[in-house]
Amino acid sequence: MNVKTLLLCLMTFFPLPLWAQGYAGLGGSAEGFDVPKAGYAFDFPKDHGPHPSYRIEWWYLTANLKGEDGRDYGIQWTLFRSALKPFETDDWQSPQIWMGHAATTTPDGHFFAERLSRGGIGQAGVISQPFEAWIDEWRMAGPDFDTLTLTANGEDFGYDLSLTAQGPLVFHGDAGYSVKSADGQASYYYSQPFYAVEGVLRLQGGDVRVTGQGWLDREWSSQPLAADQSGWDWFSLSFEGGDKMMAFRLRGGRGDFTSATWINADGSTEAIPNGTVQLTPLRTDQVAGREVPTQWRVVLPDRGVEIEVSALTPNAWMGTRFEYWEGPVTVTGSQEGIGYLEMTGY
Amino acid sequence: MTWATVQALLSHWRVHRLQLATLLIGIALATGLWSAVQAINAEARASYARANAQLAVGQFDELRDPSGPIPMSRYVELRRAGWQVAAVLEGPYRVGGRTLRLMGVDMVAYPALPAVTEAEQSAEATEPADMLTAPGRLLASPELQPLLRGQTNLPPVLITSALPPDVILTDIGVAERLLNQPGAISRLVVLPNQPRDRLPLNQIAPELKRISPTTQVDTARLTDSFHLNLSAFGLLSFAVGLFIVNGTVGLAFAQRRGMIRTLRALGVSMRRLVWLILTELTVLALIGGSLGLLLGFFLAGALLPDVAATLRGLYGAPVTGQLTLQPKWVLAGLAMAVFGTLLASGHALWRLSNMPLLEGPGVQAWQSNSRARHITAALGLILVVGGAFAYISVGGLVAGFVLLAGLLTGAALLLPALLATALSALARTAREPVSQWVWSDMRAQLPGLSLALMALLLALAANIGVSTMVSSFRLTFVGWLDQRLTAELYVTARDEDQAREITTWLRPQVDAILPIRNVELFHETGPLFLYGVVDDPVYRQHWPLIASTYSVWDDVMAGNAVLINEQLARRASLWPGDELKLSSKHYLPIAGVYSDYGNPTGQAIVSMAQLDQIAPGAEMRRFGVRMPPEGATAMAQNVREQFALSPRVVVQQAAMKAQSRAIFEKTFVVTSALNVLTLGVAGFAILTSLLTLWTQRLPQIAPVWALGLNRAQLARLELLRSVLLAALTACLALPLGLVLAWVLLAVTNVQAFGWRLPMFLFPWDWLWLFVLTLLAALIAAALPALRMLRLPPADLLRVFANER
Amino acid sequence: MEPGDGLHWTVWISAANSWKKRKQIMLLTIDRVQKTYPGGRPVLRDVSLDLDQGQTLALTGESGSGKSTLLNLAAALDSFDGGEITLDGTRLSTLDDAGRARLRRNQVSLVFQQFNLIPSLNVAQNLSFHARLAGVEDTTWNSHLAERLGLSDLLGRFPENLSGGQQQRVAIGRAMAARPNLLLADEPTGNLDETASETVLDLMLSLVADTGAALLLVTHSQKIAGRLDRQVKLSGGRIQ
């Protein structure tokens with residue numbers, strides 16, 4: 001065992017590409033950990049904070065931004081929590097492991113960084129009120145969940161942004177109980193997709209003032225995936241006119257599992273069941289030595305949605321310890337808009 | 001035609017089997033000793049490199065607090081200010097009587113640590129939860145497996161060959177418990193890939209010092225001089241071995257002159273002959289070299305455990321005791337064999353290739369080489385003076401070695417002239433015709449023997465020099481032990497509570513209790529261990545000070561001054577009157593410097609009160625007990641029984657001294673072994689030279705024989721001659737050896753170990769070496785003498801006869 | 001002195017002493033000596049020969065006839081297989097290696113064709129070496145010899161710096177410095193040209209005559225042999 005194995009274990013809890021290897025003991029069981037149940041009553045602001053008795057959890061923010069230079073940008077700020085054991089201590093022996101990913105995507109480049117820490121000693125963590133999520137100097141914090149400042153730094157990029165919620169929290173699946181496979185694996189899953197964003201991107205060419213919109217996902221679980229599921233494709237799309245859609249496809253050996261949430265401009269939602277939304281790759285690009293779909297057809301017949309989703313920058317590859325694709329997209333077709341795409345397992 | 005020529009050339013070896021054996025042995029000895037040293041050095045260096053790479057020593061900058069451990073809160077502050085640093089907590093950890101280095105790293109923040117990634121391949125897979133949470137796991141090399149097995153108080157151990165032999169690697173969370181230092185951090189490794197826009201260090205943690213890899217204590221650098229010493233020895237052995245090759249090849253070529261003349265007369269070109277002989281020499285070199293590699297491999301294997309023990313003892317450098325055969329080493333060894341053989345045969349080959357077709361065998365010119373001798377002597381003088389000049393004008397370790405090299409080669413080159421002068425002087429005093437002949441004959445033999453005698457001179461000088469150094473060291477060390485180990489008993493308690501119990505129990509029964517408390521600080525020149533002492537007459541009377549102010553102990557005990565060890569004094573150029581920075585707040589004037597052998601790190605001593613100020617909470621578990629020595633054994637037993645302590649934590653002075661001496665002796669086992677081997681090779685060189693001279697001896701001896709000396713007398717004279725030459729050489733080697741010893745003690749040791757030793761003289765050792773030398777010369781001359789004794793008169797008569 | 005007279009004188013002496021100690025009469029008596037080399041080849045077969053004080057005898061014969069061997073035996077350089085050689089009353093067959101060496105040291109002097117001299121000693125040292133070895137050094141006689149042999153200017157030189165004729169003159173000087181009863185010479189002029197040959201032979205014969213030593217000289221040259229008192233020719237290991 002060592003850290004690579006540790007990371008291997010760690011990452012298998014996340015929607016990242018190692019499911020196919022079916023790592024022993026991680027697909028199904030959840031000894032000692034709590035398991036999501038339908039009908040959970042969320043308790044805010046407490047539930048914005050961490051849930052150490054669940055195996056995995058994340059605070060996952062993406063934003064589509066427009067620079068005052070007229071160019072399109074995207075940023076990602078993610079804090080993952082992974083529990084080796086279902087409790088927390090206040091020293092080096094804490095079994096809570098934290099991992100941060102941050103990225104900035106420009107029309108011609110993609111910059112990212114990664115941080116690792118354990119809980120307990122104060123290097124990383126989340127508190128719910130006033131809200132603060134941090135790892136090292138990366139920080140997402142504010143008096144409450146609706147008003148946040150966000151910073152992250154890598155070797156060659158950084159950003160300081162402020163987020164202001166323009167709408168309510170949105171709950172996926174059955175009131176936040178999101179089923180992830182036909183066998184019933186599930187997670188608690190809610191989002192704040194209505195952030196207005198402004199601030200500064202620090203790029204190698206200099207600082208760029210930006211404005212745009214952000215989408216924050218909150219999810220926690222203990223056994224989110226079926227053993228045969230090898231990766232996923234996840235879309236968060238904002239259409240002109242204010243409607244939004246979250247859609248994902250879990251690619252499994254026994255067939256795909258799809259799920260989506262239609263979010264109206266006022267924040268009301270409709271959960272779209274497995275098999276309804278159609279997600280089809282249109283073209284692939286050679287990215288980091290793999291064939292990665294960078295253009296998709298997304299069809300949701302009930303809503304008259306028939307759109308093409310294209311990557312702003314095909315090379316939005318997260319070359320972190322466990323690699324995946326995450327980047328801003330543009331939407332054309334029956335609806336126009338922008339959004340973020342995450343693809344794992346390629 | 002080539003094949004016929006080859007057959008003719010090779011037929012020589014069929015007749016002269018002993019010569020062939022000598023040649024191969026010469027090559028094998030030269031290659032073997034050299035390769036053995038190379039293998040040892042390579043293995044040690046590979047160990048350091050592996051250890052450094054695995055533990056990422058010397059790759060990254062480090063942050064340290066000169067006044068002691070870094071609190072965890074500082075780490076978090078740095079992290080939260082953007083500094084990408086990894087926490088390391090390390091310290092000595094005793095397991096089963098052996099002190100290991102326990103290294104706890106933050107395995108989450110520092111996952112790229114090579115030892116950890118490598119261990120993945122070798123150790124069985126473990127859940128990260130097991131590694132990071134209680135009880136945790138320990139990673140250790142296979143060498144430690146027997147030691148760690150059966151230790152019930154330790155976390156489970158994973159064996160991986162990716163670690164140095166003396167290190168236990170674990171997560172920092174496990175280390176803080178084992179080392180009983182919760183929340184403490186020894187140092188922070190500054191990781192590559194730092195983010196932009198981070199605050200400067202002095203705004204976050206001004207007390208931390210950033211240390212670049214070059215100033216970190218690097219075992220490879222620390223041990224360089226040790227390996228340089230070994231290499232010098234290896235090269236010396238190689239050179240001495242080449243003297244044998246030179247002698248044998250010279251003889252073989254001389255004997256083949258007739259055959260070569262015939263071959264040329266039959267139409268084989270000189271060019272072709274030279275190529276064939278070159279090929280022949282190369283093949284012989286490869287055969288001898290292979291034998292030498294075999295020899296070297298076993299020799300290195302035999303010596304390596306001791307070298308490893310030495311390096312561990314002296315520098316704490318991790319070296320495995322096992323030898324791995326590396327192809328590079330084999331190739332280098334063979335190349336060295338070929339190179340050496342061709343070098344040693346070059347002169348003979350050149351002379352052969354320039355031999356006129358019709359030249360007769362010729363009489364050796366006995367007197368015409370005085371000119372050559374003068375040139376050689378002048379060159380030798382220049383080398384000696386040049387070496388001395390280099391040392392005086394430059395100084396330092398390298399200049400020290402230049403001085404040594406100049407001295408040794410220069411003296412070797414001067415040897416023939418010195419011997420010739422001595423022999424002339426002796427010849428003038430000779431009254432008797434036979435003794436007159438013996439002296440003049442020895443002088444005449446000098447050119448043929450001088451190479452072998454040079455080898456002997458070098459071997460003897462090295463012997464005298466090194467053994468004087470070792471013996472001086474031993475004497476100093478033993479005296480120093482007597483001074484340093486003054487308490488009759490040394491006790492290490494399990495914890496501070498037990499220590500209090502024991503001292504309370506002991507106090508009414510003994511003369512005094514001397515607490516031993518220390519804390520690890522950091523000085524610019526490396527780790528610094530600060531000790532606190534109580535005011536006891538024993539320190540004032542016995543502590544081995546090599547430099548001090550007038551009121552040294554009063555100042556120290558009043559808390560106004562500090563004592564430092566010699567290593568720190570020399571490394572940092574700090575002497576009484578200077579000031580030592582102990583932490584950002586504590587500066588103390590240096591009142592004295594004490595000798596502290598066998599310790600690679602810096603050390604300082606303050607009063608106990610001062611220690612409490614500088615490093616509050618330094619643990620109090622160890623103490624010395626002063627009492628009448630005759631009661632020590634019983635008292636040790638009582639303490640052990642009373643407090644259920646194991647024998648190794650209640651140690652008597654005598655046992656401690658014995659242990660220290662044993663370590664000392666082990667340190668110089670390799671040196672002694674190489675010493676003896678070099679002398680043996682030199683003896684063998686004399687034998688081959690004498691055998692080489694043998695054919696040229698007959699015209700020398702025959703007239704004397706004819707004039708009425710019998711063969712027994714002549715054989716005795718042969719022995720006498722060899723012994724006398726060896727004795728003369730030994731007399732010249734003595735001053736050379738003493739100069740060598742001085743250089744080793746006053747120059748090399750200071751640079752290599754950080755201490756200077758007084759030089760003692762050991763005439764009995766010299767006498768013993770002298771006797772040994774005479775014995776070696778006697779044995780070397782025994783074979784030629786025996787031949788002389790059994791020589792048929794017809795062979796002698798043939799000298800005078802027509803057909804020659 | 002006529003050869004005949006010499007012979008007569010020898011016979012007379014021997015007759016006069018025969019009733020006392022026979023071995024005291026003749027300086028050198030070789031009596032039915034046999035010598036076989038390893039390998040079984042006989043070199044000398046029953047060779048008998050006498051040589052008296054003051055006599056000179058040339059031993060001639062072809063290459064391999066055994067003449068050098070006979071001289072070596074007479075010089076106690078080698079041992080023989082049968083018969084007896086008596087030198088100045090000493091029976092050589094009774095001597096061991098050390099005894100033979102003592103005899104060589106004290107009673108005979110040798111001059112060989114080459115390599116007579118000790119290379120590491122200079123002319124003066126070579127000249128006096130044998131005499132000193134025998135404990136009979138006489139410096140006046142030495143300087144007389146050096147002068148007579150024309151070596152006075154060469155005393156400090158080493159053999160390698162001398163011509164062949166000079167080397168042989170030193171060898172003769174060394175031989176005569178010990179005042180031997182018997183001088184044995186094996187082709188002493190064999191490596192020299194005619195002029196040098198003449199000189200060396202003249203010097204040798206005159207010195208022998210002056211000191212009253214006997215001379216046994218091996219040569220293949222009839223011309224040289226003709227200058228001696230007697231000649232004995234060996235052929236196939238026998239006297240003809």
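This structure is a prediction, so every number in the text was calculated from the model and none was measured. First the proteins, then the strands, lettered A, B, ... as listed; each starts at 1.
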### Message
Any carboxylate oxygen within less than 4.0 angstrom of a Lys/Arg side-chain nitrogen, looking at A:Arg118 and B:Asp171?
### Response
yes
### Top of A:Leu203, A:Ile135, A:Asp91 for chain B proximity - count of heavy-atom pairs under 4.5 angstrom
A:Leu203
### Message
With side chain to side chain contact (heavy atoms under 4.5 Å, CB included) as the test, pick out the partner of A:Tyr54 among A:Pro86, A:Ser187, A:Pro36.
### Response
A:Pro36
### Message
Counting heavy-atom pairs closer than 4.5 Å to chain B, which one of A:Trp134, A:Phe157, A:Trp92 comes out on top?
### Response
A:Trp92
#### Entry: Contact class of A:Arg202 relative to chain B, heavy atoms under 4.5 angstrom
both
### Query
Does the side chain of A:Gln96 pick up a donor-acceptor pair with the side chain of A:Arg81 at under 3.5 Å?
yes
### Summary
Comparing A:Asp136, A:Asn153, A:Thr89, A:Asp156 against chain B, the one with the most heavy-atom pairs below 4.5 Å turns out to be A:Asp136
### Query
Where does B:Arg198 contact chain A at under 4.5 Å (heavy atoms): side chain, backbone, both or neither?
neither
### Query
Do A:Glu88 and A:Ser94 have side-chain N/O donor and acceptor atoms under 3.5 Å apart?
yes
### Message
If you count heavy-atom pairs within less than 4.5 Å of chain A, which of B:Glu176, B:Gln194, B:Gln84 leads?
### Response
B:Gln84
### Query
Are A:Gln76 and A:Thr78 close enough that a side-chain donor and a side-chain acceptor fall under 3.5 Å?
yes
